[in-house]
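In what follows, every chain begins at residue 1, and chains take the letters A, B, ... in the order their sequences are listed.
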Amino acid sequence: MEAWQKALLAWYREQARTLPWRGEKDPYRVLVAEVLLQQTRVEQAMPYYRRFLERFPTLAALRAASLEEVLKVWQGAGYYRRAVNLHRLAQGVEALPRSYAELLKLPGLGPYTAAAVASMAFGERVAAVDGNIRRVLSRLFALEDPAPKALQDLAQRLLPQGEDPGVWNQALMDLGAMVCLPKAPRCAACPLRAFCQGQEEPERYPKPRRRAVREEALAALVLLGRKGVHLERLSGRFQGLYGVPLFPLEELPERAQAFGVAPRPAGKVRHALTHRRLEVQVYLAPWDGEGEDPWGKPLPKLMEKVLRQAQALLAHEGVVPFPHAKP
DNA sequence: AAAGCGGGGAT
DNA sequence: ATCCCAGCTTT
């Protein structure tokens, strides 16, 4: 083992974060943690991790649950396809496979998650490369824009012999999360400062990847039936969750005609996604149908905003359209 | 290789 | 306001 590797492991023994899934060996629990952590901050994932495992403590419990129950627990965590895939995975396998290659075949598991489960739960010697490790290795070796495969190969070569690969992967991740920060890295406190080729200009490694944020003009149609509001199961964006009809603003006339309603404007709602700014005009119309109480359904945050907007207007007019307004 | 897919915390 | 997070899937 090289000096810098020993230095990192020594630092990790002292400074490791204490997290609910640290030291976890149950592959199902590791899997749930890793899927929740995909593009999601540790602090945000934590409450979902506890709630999800309390409700679905085993793969069998998840298999026995309905998709809607699973999405209800996932509500608010974002990237809902993750929950759909996790549920589908539970239907598809009796038990989790024990190798990286087999894990990689499961829905929703890519190179990172398969490697994380294989190394942490099964001790397989495979490097898990997440955003933290990409940044740490880019700086350590002054790589401006390493290709994913090159990075994976590099990380694999760097795995120390005779060390728990799960511990090693997590040590690199903790360094990225606590010391080798994206902006304002704490190089003075870094156990690898004597070995780092990028510390003179850490902001240069890795080169930031920017994507344009685009504006999108949408309309949401809140149809008020006899018992509540008309809900659809959403596809594409917010896949699997429920909400009122949502479509490009210019489609409003044809959509209204298709439902046989004459909607009136009820204000607008803004919602930000990672690379989209949504401006949603809310429209309201009485509707010849049943409808339902939306608050018991798994709803994306955007739909909560839309429904609150509609409710606020109606409350102002003295109407209570659906029974249990969310507090 | 690039785009689509949530939500929220840090700066 | 912008960035980016223990990424994956589809095009």
Sugar-phosphate only, base, or nothing, as touched by A:His275 at under 4.0 Å among non-hydrogen atoms: base
Whole-Å C1' distance, B:dC5 and C:dC5: 14 Å
Rounded interatomic separation in angstrom, taking CD from A:Gln75 and P from B:dC5: 19 Å
Whole-Å gap separating P (C:dC5) and CD1 (A:Ile133): 12 Å
Common cluster, A:Phe247/A:Val269, ILVMFWY with side-chain heavy-atom separation under 4.5 Å: no
No-H, no-angle donor-acceptor pair, A:Arg276 side chain to B:dC5 base, under 3.5 Å: no
Sugar-phosphate, base or nothing in reach of A:Arg17, heavy atoms under 4.0 Å: base
Side chain to side chain donor-acceptor pair (under 3.5 Å) between A:Tyr242 and A:Glu68, intermediate numbers included: CA-CA 10 Å; A:Tyr242 291 82; A:Glu68 188 169 328; 3.0 Å; yes
Donor-acceptor pair between A:Arg82 and A:Gln38 side chains, under 3.5 angstrom: no
Short side-chain donor-acceptor distance under 3.5 Å, A:Gln75 and A:Tyr80: no
Full working for salt bridge (charged side-chain N to carboxylate O under 4.0 Å, His left out) between A:Arg237 and A:Glu216: CA-CA 13 Å; A:Arg237 192 175 282 166; A:Glu216 205 169 323; 3.2 Å; yes
P spacing across the pair C:dT9 / B:dG8, given as an integer number of angstrom: 24 Å
Check: A:Arg41 side chain, C:dC4 base, donor-acceptor under 3.5 Å: yes
A:His271 side-chain N/O to B:dG6 phosphate OP1/OP2 under 4.0 Å: no
Position toward the 5' end of DNA chain B (nearest nucleotide), A:Ala147 or A:Arg237: A:Ala147
Sugar-phosphate, base or nothing in reach of A:Trp74, heavy atoms under 4.0 Å: nothing
Rounded interatomic separation in angstrom, taking CZ from A:Arg277 and C1' from B:dG7: 13 Å
A:Arg82 side-chain proximity, nearest of B:dG6, C:dA6, C:dC4: B:dG6
Distance, rounded to the nearest Å, where A:Glu203 contributes CD and C:dT2 contributes P: 21 Å
Whole angstrom value for the distance that separates P of C:dC5 from CD of A:Gln39: 7 Å
Rounded distance (Å) that lies between atom C1' of C:dC8 and atom OH of A:Tyr112: 13 Å
Aromatic plane relationship, A:Phe259 with A:Trp287 - under 30° parallel, 30 to 60° tilted, over 60° perpendicular: perpendicular
Exercise: do A:Lys301 and A:His271 side chains pair donor with acceptor under 3.5 Å: no
Sugar-phosphate only, base, or nothing, as touched by A:Ala128 at under 4.0 Å among non-hydrogen atoms: nothing
Sugar-phosphate only, base, or nothing, as touched by A:Arg22 at under 4.0 Å among non-hydrogen atoms: base
Nucleotide B:dG6, atom C1' - distance to CZ of A:Arg211 in whole Å: 13 Å
A:Pro107 or A:Val42, whichever maps to the more 5' nucleotide of DNA chain C: A:Val42
No-H, no-angle donor-acceptor pair, A:Thr274 side chain to B:dG6 base, under 3.5 Å: yes
From B:dG7, C:dC5, C:dA6, nucleotide with atom closest to A:Pro182 side chain: C:dC5
P gap between B:dA3 and C:dC3, integer Å: 15 Å
Rounded P spacing from B:dG6 to C:dT11 in Å: 16 Å
Of the listed nucleotides B:dG7, C:dA6, C:dC8, the one nearest the side chain of A:Lys301: B:dG7
Nucleotide nearest A:Tyr80 when distance is taken to its side chain, options B:dC5, C:dA6, B:dG7: B:dG7
Sugar-phosphate only, base, or nothing, as touched by A:Gly76 at under 4.0 Å among non-hydrogen atoms: sugar-phosphate
Per A:Leu273 side chain, nearest of listed nucleotides B:dG6, C:dA6, B:dG4: B:dG6
Whole-angstrom distance between B:dG9 and C:dC8, as gauged at atom C1': 23 Å
5' priority, DNA chain B, between A:Glu43 and A:Arg81 [closest heavy atom]: A:Arg81
Closest to side chain of A:Leu19, choosing from C:dA6, B:dC5, B:dG6: C:dA6
Euclidean distance, atom CG of residue A:Leu103 to atom C1' of C:dC8 [Å, nearest integer]: 15 Å
Check: B:dG6 base within 3.5 Å donor-acceptor of A:Thr40 side chain: yes
